[in-house]
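Naming: A, B, ... by sequence-line order, numbering from 1 per chain. On a predicted model such as this, the values are computed, not experimentally measured, just so you know.
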2 protein chains.
Amino acid sequence: MDEKERVKGRGRPSLSDAAKNAKRTEIAAIALRLFLEEGFESVSMRRLGKEVGMTPMALYRYFPSKLDILTNLWVYIIDLAFENVAAIKGQAPDQREELCQICNAYVGYWRDNPAHYHLVFMSGGVSNSTVKLFVEQQNVITKFEIFFMYLAELRCEPRESASVKRATDGLITHLHGIMHSLITMQGYSWTDQKTLIEGAVSGSVHVA
Amino acid sequence: MDEKERVKGRGRPSLSDAAKNAKRTEIAAIALRLFLEEGFESVSMRRLGKEVGMTPMALYRYFPSKLDILTNLWVYIIDLAFENVAAIKGQAPDQREELCQICNAYVGYWRDNPAHYHLVFMSGGVSNSTVKLFVEQQNVITKFEIFFMYLAELRCEPRESASVKRATDGLITHLHGIMHSLITMQGYSWTDQKTLIEGAVSGSVHVA
DNA sequence: ACATTTTTATATACGCGTAAACTTTTTACT
DNA sequence: AGTAAAAAGTTTACGCGTATATAAAAATGT
């Protein structure tokens, strides 16, 4: 939080990292509950402060902004999403079927937890630069590695080849599009998730 | 703006539709200039009111909210964008190439106008039912028809067949995923838009 | 003990979007 | 002309995120 660490001398000592992290965790836990229950924008810092038991401005000792509390929760939620995905590995008879199942688990997680989806992908007032920073800072991207591995194997091409990169980016964007469309445009009668994902996987395996 | 129209009787008469629309147009024009110059969030209603020459609250006689001013501008601009998309029809040597160009125009529009993308697809906050209503109201969905037509022809299948429906839904979701990923996750070095779209089109043409 | 220094925590204040209360303007009816 | 009514327009007020000013707490140096 603070720029430099003072080693010794006069003055009240900084909170220990442990104490600070404990408080951050406590705030984050309460924020997560409130955000999921009532939505990010509906929960004010004054309200959150009251629930945590501190003044609104005291929260700023632990998080630089309200938005920063949110991005912190993203990490936690995305980890949850990929736990679901990891649980499927090595369960299906063949790789192709397993990739489909993994894609369904990934998309399914967000559809089953639309509040999480809204928190991560649709929280209002979040600028591009914020998301960009988040994606770079946290290793969300490394989580996509699993898709690379499956496609390299299924396509019988090296993991680092340009065509695997193209195919995987195509698959990932397609999955996000399926999620996004099914969740946010419910007025349209989409083809069912499983069929759409089968098509996405099929395309990513066979595309040039 | 108002629920019911009073035909006659006592009381000051409502502004004529012409007068009201003139004022709306004037406000919208100034808002567009300011939003483009300084950004939506940086322009306050107090500031906009001053520029237009009325009190902040008087603006609410003509638009129900600040966001509504922006959506109004968006409607105007998106109509132009779809004219652009339509303008591509019949220009390319073959249908397949033309579909690619149309997809690129569609995705490119949103990437060139990320504020509009955020407004329509990420206006999360309280109600995505608002977004849903807007999308349905402006029948954006009926604009998807163009994708159905191209795929029916390219796949040599009837427009109403289940496989054309599957393929088109696959293409549309993929396009939205490409948009969404490129716009909101700029920290990741995605394959370029054109290549991704080529893959999306390829998949939609060949998928079962 | 007491002053000094640094950190933590609170209180105050600002501009924001806009709801609600209020005032002004414009009409019709007596 | 005077009054009632309704829309237009203004003022005031609220809660918001948070910058800034201030106070309180907790350590060291004398």
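Both A:Gly9 and A:Ala58 lie near DNA chain C, and the one whose nearest nucleotide falls closer to the 5' end is A:Gly9.
When rounded to the nearest whole Å, the span between CE of A:Met54 and C1' of C:dT7 equals 14 Å. A:Arg46 has its CZ atom 19 Å from the P atom of C:dA9, to the nearest Å. Note: CE (B:Met57) to C1' (D:dG9) measures 10 Å, nearest angstrom. Atom NZ of B:Lys23 is separated from atom C1' of D:dA8 by 12 Å (rounded to the nearest Å). Atom-to-atom, CD1 of B:Ile69 to C1' of C:dT18 comes out at 12 Å; the value is rounded to the nearest Å. One interatomic measurement links the two molecules: CZ of B:Arg12 to P of D:dG9, which rounds to 6 Å at whole-angstrom precision. Between the CE atom of A:Met45 and the P atom of D:dA19 there is a distance of 10 Å, given to the nearest Å. We find that CG of B:Leu59 is positioned 14 Å from P of D:dT11, with the value rounded to whole Å.
When the side-chain nitrogen and oxygen atoms of B:Ser44 are compared with OP1 and OP2 of C:dC16, one or more of them lie within a distance under 4.0 Å. For the OP1/OP2 pair of D:dA8 and a distance below 4.0 Å, the side-chain nitrogens and oxygens of B:Arg61 include at least one atom meeting the criterion. Phosphate contact (OP1/OP2 of D:dA8, side-chain N/O of B:Tyr62, threshold under 4.0 Å): absent.
In this structure, the nucleotide among D:dA27, D:dA5, C:dT8 sitting nearest to the side chain of B:Arg10 is D:dA5. Distances from the side chain of A:Leu15 to the nucleotides D:dT10, C:dT8, C:dG17 place C:dT8 closest.
Between A:Phe144 and B:Trp190, the two ring planes are tilted [angle within 30° to 60°]. Ring planes of A:Phe82 and A:Phe147: perpendicular class, angle over 60° (limits at 30 and 60°).
Side-chain rings of A:His180 and B:His180 approach one another, their centers coming within less than 6.0 Å. Aromatic ring centroids of A:His116 and A:Phe35 lie 6.0 Å or more apart.
The main-chain N or O of B:Glu98 is never found under 3.5 Å from a side-chain atom of B:Gln91 such that the two would form a donor-acceptor pair.
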